[in-house]
Amino acid sequence: MTKKGRFGEYGGQYIPETLMNAVIELEKAYGHYKTDPEFVFELDKLLKEYAGRPSRLYLAERMTNDLGGAKIYLKREDMNHTGAHKINNVLGQALLAKKMGKTRLIAETGAGQHGVATATAAALMGMECVVFMGKNDMERQALNVYKMRLLGAEVIPVESGTGTLKDAVSEAMREWTNRIEDTHFCLGSVMGTHPFPMIVRDFQSVIGKEIKQQIMEKEGRLPNAIIACVGGGSNAIGSFYEFINDENVRLIGCEAAGRGIDSFETAATINTGRVGIFHGMKSYFCQDEYGQIAPVYSISAGLDYPGIGPEHAWLHDIHRAEYVPITDEEAVNAFEYLSKMEGIIPAIESAHALAYAMKIAPDMKKDDILVVTLSGRGDKDCAAIARYRGEDVEE
Amino acid sequence: MSNIKDAFANGKAFIAFITCGDPDIETTKKAVKEMVRNGADLIELGIPFSDPTAEGPVIQAADVRALKNGITTDKIFDMVREIRKDIKVPIVFMTYANVVFSYDSDKFISICRDIGINGLILPDVPFEEKDEFDPICRKYGLDLISLIAPTSEDRISMIAKEAKGFVYIVSSLGVTGTRTEITTDIGSMVKLVRKSTDIPCAVGFGISKPEQAAKMADLSDGVIVGSAIIKIVAEEGRDSISHIGEYVKSMKDAIRDI
């Protein structure tokens, strides 16, 4: 970070005055608790005993042999409790909120993974929980809607705009300005106003720390590249952060290109967007010539967002990380490929990262190492992918 | 410094908000003239944004209608050029940071000066980020309006010290929209502002009725009304002009001599 809340020119605190004291209070509390031995101990215990960390770094041998190039390791965030990396951040934020005396969590969700994780943490800690979810996403991810309700959360359909993740974020922000005293906005990605991009990155950086330790144990050296999917970018920054100073490790973020970056139906922010100010931050956004935010599209509800976290924007500008577009079709192929090849059904979000690994692994040397972060499990996506392939599945 | 203070020379100020291009630009032009004729002291023109995070459902819907009908920043600039020939009261733009930033802030604000816009209200730009726009506003003689909220507390004096034009006092938590009751202690907020600055204070968010306006004007220098006007546009569309006129008159009459 170059100055407070900034990654280069990106980041900042572009939010209504009503929220300023709340984010200042959050930053102070986080600054205090992140080094508080009791907080660190409690969070560590939750991550181990409840979420099931550390997650495995699994050598995908059949995939490696089949592609015939680099050795491919999968960082199995899909095996965490609630089935995705989202729980890492949520346990941290929920614990922090509780220490701050908050009794209610609100959250936005796209695919529903962050909503389920937040509802889970709220249940665990005896907090009230309200999740905002785009109406279209509720249809795409009906099972996760049920799970959130089962866990005791209230799920509020958001009909404004495109009825997807960006609208859910806007609505959660509106709700936070309405009720601040007892409520923490448990933001799910490395986006939004400072201090969220920093807090969420810190809580997710456990992914990269474990990758480093595990790959050193297994291979005695660092990988050639780490690949992760990017919507807002939390599993990607979590995977990358520990390696930013290891300049020989390529960091590759995979954006959702939807029907292609030449079409209007895309969510590839770095590849098709430009710098703007939205949802509390300066970063890259998909927008029209007048700065109206574009109605983006991806088959993946979790990547269907018109912006990207400010730290990624910065890593892109300084050429430390690469951001590549992956289409729906490529992601669905990867979804099916991993299922058949390794017996692992990946989240359609994570399948974007796998798709890029499938593209580059064959041209790499046999002793090169690729780590792909498998950010979540794909059960939630089965019905939608079946529909994409023209099959009607009854759940 | 702009001429925004003129809006407060006429008894308590009535500040009227309208979303440009809802349902079309002709209606907005007529509505602005009608509002001024009926006593509006300052016009706040909303430039629609696709994702207005500080707005409640009424203004969100107006933004959707206007954008659907093809309104753009350039068309709004053209409209202001035209109405400025007849309208003498101060006019400010209310929009979101990205609308200004993505147009090129310097270009946007220099055009504002050329067409007679006196200030900017950007609800997603707090004190901490005002350097993004404030130096450019000063360069072209516009006032970047500062907002203070019921949660501002210890921040009020810091904000008020550097405030220009008028201080926009957000009456309640949450987003824009009419409210049956305003429970915030507006009087104490105004007192804190007054310790740091002499510029006027106007209260907005949730005000729709003449009695409410009178109460708020009694505690401050003026009131800002948006959603209540937009509701009339939503209901009456192109036929809303005379209704808006009557409404503005009733509101200004309620506060003028307080």
Side-chain angles (χ1 to χ4, degrees), chain A residues 3-6 9 11-25 158-162 166-181 183 192-194 273-283 285-296 306-307, chain B residues 47-57 60-61 63-64 66-67 71-76 95-105 108 122-133 146-156 158-159 168-170 172-177 205:
Chain A
K3 65 173 187 179
K4 193 188 149 199
R6 294 277 177 173
E9 69 167 303
Q13 298 185 299
Y14 300 89
I15 50 167
E17 170 60 22
T18 306
L19 292 175
M20 278 309 300
N21 265 329
V23 300
I24 291 167
E25 183 201 3
V158 179
E159 295 186 33
S160 59
T162 45
K166 88 172 157 79
D167 310 293
V169 173
S170 296
E171 211 49 42
M173 281 176 73
R174 290 185 184 113
E175 171 59 20
W176 204 26
T177 61
N178 197 37
R179 193 166 157 187
I180 300 170
E181 193 59 34
T183 299
T193 177
H194 173 73
R274 61 191 171 92
V275 178
I277 297 170
F278 182 51
H279 276 163
M281 59 181 167
K282 185 183 279 188
S283 188
F285 295 96
C286 299
Q287 53 185 310
D288 75 6
E289 59 174 311
Y290 289 106
Q292 306 294 343
I293 302 304
V296 295
Chain B
I47 303 180
F49 183 50
S50 51
D51 301 82
T53 49
E55 312 299 344
Q60 280 182 51
D63 283 7
V64 170
L67 289 170
I71 196 70
T72 66
T73 305
D74 284 321
K75 288 179 188 171
I76 293 168
T95 191
Y96 286 77
N98 203 46
V99 171
V100 181
F101 180 81
S102 80
Y103 196 92
D104 179 325
S105 304
F108 183 102
L122 302 172
D124 55 347
V125 179
F127 182 86
E128 278 73 1
E129 301 298 347
K130 75 186 172 82
D131 278 353
E132 182 84 47
F133 301 103
S146 298
L147 291 93
I148 64 169
T151 50
S152 296
E153 298 168 353
D154 53 324
R155 296 168 52 80
I156 292 179
M158 166 183 89
I159 296 168
Y168 190 134
I169 297 185
V170 175
S172 317
L173 292 179
V175 291
T176 58
F205 278 43

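Everything numeric in this text was worked out from a predicted model, so none of it was measured. When reading the values below, keep in mind they use all heavy atoms of this one structure, side chains included, and skip hydrogens, waters and symmetry mates. In the text below, chain A, chain B and the rest are named by the order of the sequence lines, each starting its count at 1.
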Heavy-atom distance under 4.5 Å to chain A: side chain of [X], backbone, both or neither?
X	value
B/D63	neither
B/P48	backbone
B/F101	side chain
B/I159	side chain
B/E132	side chain

Using heavy-atom distances under 4.5 Å, tell me whether A/F278 contacts chain B through its side chain, its backbone, both, or neither.
side chain
If I measure from the heavy atoms of chain B, does A/V275 come under 4.5 Å with its side chain, its backbone, both, or neither?
both
[X] side chain near [Y] side chain, heavy-atom distance below 4.5 Å:
X	Y	value
B/E128	A/H194	no
B/Y96	A/I277	no
B/L122	A/Y14	no
B/N98	A/Q287	yes
A/T177	B/V175	yes

Heavy-atom pairs under 4.5 Å with chain B: which of A/E289, A/R274, A/E181, A/M173 has the most?
A/R274
For each of A/K166, A/E171, A/E175, tally heavy-atom pairs with chain B at distances under 4.5 Å, and name the one with the top tally.
A/K166
For B/L173, is there any backbone N or O sitting under 3.5 Å from a side-chain donor or acceptor partner on A/R179?
no
Please confirm whether the backbone N or O of A/T18 pairs with a side-chain atom of B/T151, one donor and one acceptor, at under 3.5 Å?
yes
Heaviest contributor of heavy-atom pairs below 4.5 Å to chain A, chosen from B/V170, B/D74, B/L147, is B/D74
I'd like to verify something: which residue of B/D51, B/V64, B/I148 has the highest number of heavy-atom pairs under 4.5 Å with chain A?
B/D51
Check whether the side chains of B/E153 and A/N21 place a donor and an acceptor atom closer than 3.5 Å, and report yes or no.
no
